[in-house]
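Here is the naming used below: chain letters follow the sequence lines, and residue numbers restart at 1 for every chain.
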2 protein chains.
Amino acid sequence: MSTEATPHAGLRSLLPGFAPGSAGSGSTWRARLIAEAADLTRSGGWQTITMAKLADRVGVSRQTVYNEIGSKQELAEAMVMHEVEGFLRGVDASFEAHPDDLVGAIREAAAGVLRAVRTNPLMHAVLSASHGAESDLLPLLTTEASPIIDAARVLIREHLDAYEVPLESARIDALVDMVIRLVLSHVTTPSGTPEETADDIAFIAERVLAL
Amino acid sequence: MSTEATPHAGLRSLLPGFAPGSAGSGSTWRARLIAEAADLTRSGGWQTITMAKLADRVGVSRQTVYNEIGSKQELAEAMVMHEVEGFLRGVDASFEAHPDDLVGAIREAAAGVLRAVRTNPLMHAVLSASHGAESDLLPLLTTEASPIIDAARVLIREHLDAYEVPLESARIDALVDMVIRLVLSHVTTPSGTPEETADDIAFIAERVLAL
DNA sequence: ACTTTACAAGTAGCACCCTCTTGTCAAACG
DNA sequence: CGTTTGACAAGAGGGTGCTACTTGTAAAGT
């Protein structure tokens with residue numbers, strides 16, 4: 001069943017239509033189009049994208065773009081979804097990598113996210129938007145951003161339940177919420193290197209967990 | 001010396017030109033003008049304000065406004081400063097009210113801020129802007145917003161030093177930073193009542209302090 | 001100490017036009 | 001069958017020129 005980089009069970013359920021090996025049947029161009037759109041967004045900003053330019057870039061007719069994607073709004077959603085997927089996958093991997101070190105997992109997850117948004121302006125835009133900030137890169141978060149955060153919340157919560165956490169459920173929720181908010185806060189308003197910030201967050205988490 | 005609601009010594013140093021009893025000599029209209037401007041901003045938004053309207057509202061000539069304030073940019077700064085003053089004063093008061101209960105002080109300060117931004121859209125705008133969010137109410141935060149946060153940071157840190165905190169300095173800084181970021185996060189993106197949120201933050205702080 | 005009047009410079013809004021883009025269709029192609 | 005092509009209506013976006021208002025300063029008036 002699992003070939004490589006098998007995601008956590010919870011991750012699959014959070015990413016509808018997620019199938020590691022096969023990208024589907026009819027969608028030959030879909031992935032290429034979304035990737036190229038993300039690239040164009042990263043370089044020139046979302047508003048410079050036109051369906052014609054995108055089609056040209058991929059080497060396909062404009063009609064094919066509409067057949068594969070549907071509309072420009074759906075293109076945006078697909079792009080965002082793709083970034084969110086990467087975001088969640090990174091967080092997931094951090095937890096998978098530290099099965100017996102919860103604090104270490106949190107530190108790595110936080111540092112990973114903070115590093116990622118530094119080099120990936122699109123992911124930065126998506127996460128910023130999910131936290132109230134506006135981005136010139138992506139004025140299209142019509143899709144309420146809270147689902148993104150909720151997904152991260154659920155994912156982390158699931159992972160936490162795999163460790164022995166001596167806290168009642170409501171307190172664990174508060175902790176998870178805190179970690180997410182702190183990371184997002186440092187996404188929009190950084191105050192140090194990803195590693196320094198992740199260390200601070202890990203310290204706080206460690207004290208709260210009282211391990 | 002102290003007549004009423006004497007602020008913490010540190011608060012005075014953070015608010016240049018702050019003198020509780022006397023509002024100064026020449027500035028007869030200044031306070032009225034700033035208050036009225038804040039009111040107009042709250043109701044109609046900053047961009048609807050004109051110096052003429054403001055003068056009319058207060059019942060003085062337009063020239064007087066320029067004499068008292070200087071320019072529209074300075075009006076904005078004065079307004080923001082006034083809100084920041086209220087914000088810091090509230091935080092300060094919370095700590096003064098709990099000289100022997102640090103966690104309680106943090107809870108009250110957090111709850112107070114979260115309650116205040118709910119009823120005061122201008123303060124909401126100022127604090128949101130200090131955290132990366134844009135506001136239609138106030139597109140004038142030319143003054144880098146970080147000083148506001150820095151002031152809060154210094155103020156809280158000063159208060160914390162009055163309690164016995166069994167942590168090294170860098171860790172206390174991390175804690176203060178966390179509390180501020182969490183509160184600001186809930187300013188831009190609330191997730192419950194001010195009291196619930198404040199409880200969660202207080203819980204986290206308590207665990208970190210390991211009291 | 002405040003008002004009034006006057007003024008230059010700059011900005012904001014508006015109506016207009018033109019262009020480009022979106023989204024859809026049907027027909028043609030390999 | 002998937003893809004392309006050309007054509008199309010509707011509408012969004014981007015300039016332009018104009019007017020009206022606003023800012024900021026200065027003087028003289030009360």
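- A straight line from CD of A/Q47 to P of C/dT22 spans 13 Å, rounded to a whole angstrom.
- When heavy atoms are screened at a 4.0 angstrom cut-off, B/S61 is found touching base atoms of the nucleic acid.
- Looking at B/T64 and B/S61, their side chains come closer than 4.5 Å, going by heavy atoms from C-beta outward.
- At distances below 3.5 Å, at least one donor-acceptor pair connects side-chain atoms of B/H124 with backbone N or O atoms of B/V187.
- Looking at heavy-atom distances under 4.0 Å, A/L75 makes no contact with the nucleic acid at all.
- Of the possible polar contacts, none joining the A/H131 side chain to the A/L127 backbone as a donor-acceptor pair under 3.5 Å is found.
- Atom CG of A/D177 and atom CD1 of A/I172 lie 13.5 Å apart (nearest 0.5 Å).
- With respect to the salt-bridge test (charged N to carboxylate O, under 4.0 angstrom), the residues A/R89 and A/D92 do not qualify.
- Between its two ends, the helix from C/dA1-D/dT30 to C/dG30-D/dC1 turns its axis by 40°, counting five pairs per end and rounding to 10 degrees.
- Salt bridge A/E77/A/K72: absent, no basic N to carboxylate O contact under 4.0 Å.
- At whole-Å resolution of the value, NZ in A/K72 and C1' in C/dT24 are 17 Å apart.
- What separates CE of B/M51 from C1' of C/dT11 is a distance of 15 Å, to the nearest Å.
- Between A/E68 and A/R30, no side-chain nitrogen of the basic residue sits less than 4.0 Å from a carboxylate oxygen of the acidic one, so the salt-bridge criterion is not met.
- For D/dT4, the OP1/OP2 oxygens have a side-chain nitrogen or oxygen of A/T64 closer than 4.0 Å.
- Of the inter-residue distances, the one linking B/I69 atom CD1 with B/W29 atom CH2 reads 12.5 Å to the nearest 0.5 angstrom.
- Formation of a donor-acceptor pair under 3.5 Å by the B/S43 side chain with backbone atoms of B/L40 is found in this model.
- Here C/dT22 presents its C1' atom at 14 Å from NZ of A/K53, a figure rounded to the nearest Å.
- For the pair B/I69 CD1 and D/dT23 P, the interatomic distance rounds to 13 Å; values are reported in whole Å.
- Going from atom CG of B/D56 over to atom P of D/dT22 covers 12 Å, rounded to whole Å.
- Across the protein-nucleic acid pair, A/N67 atom CG and D/dC1 atom C1' stand 12 Å apart, rounded to whole Å.
- We find that CZ of B/R32 is positioned 13 Å from P of C/dC2, with the value rounded to whole Å.
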B/S/- contact track for nucleotides 25-30 of chain D, protein heavy atom under 4.0 Å: BB----
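- For B/W29, a side-chain nitrogen or oxygen approaches OP1 or OP2 of C/dC2 to under 4.0 Å.
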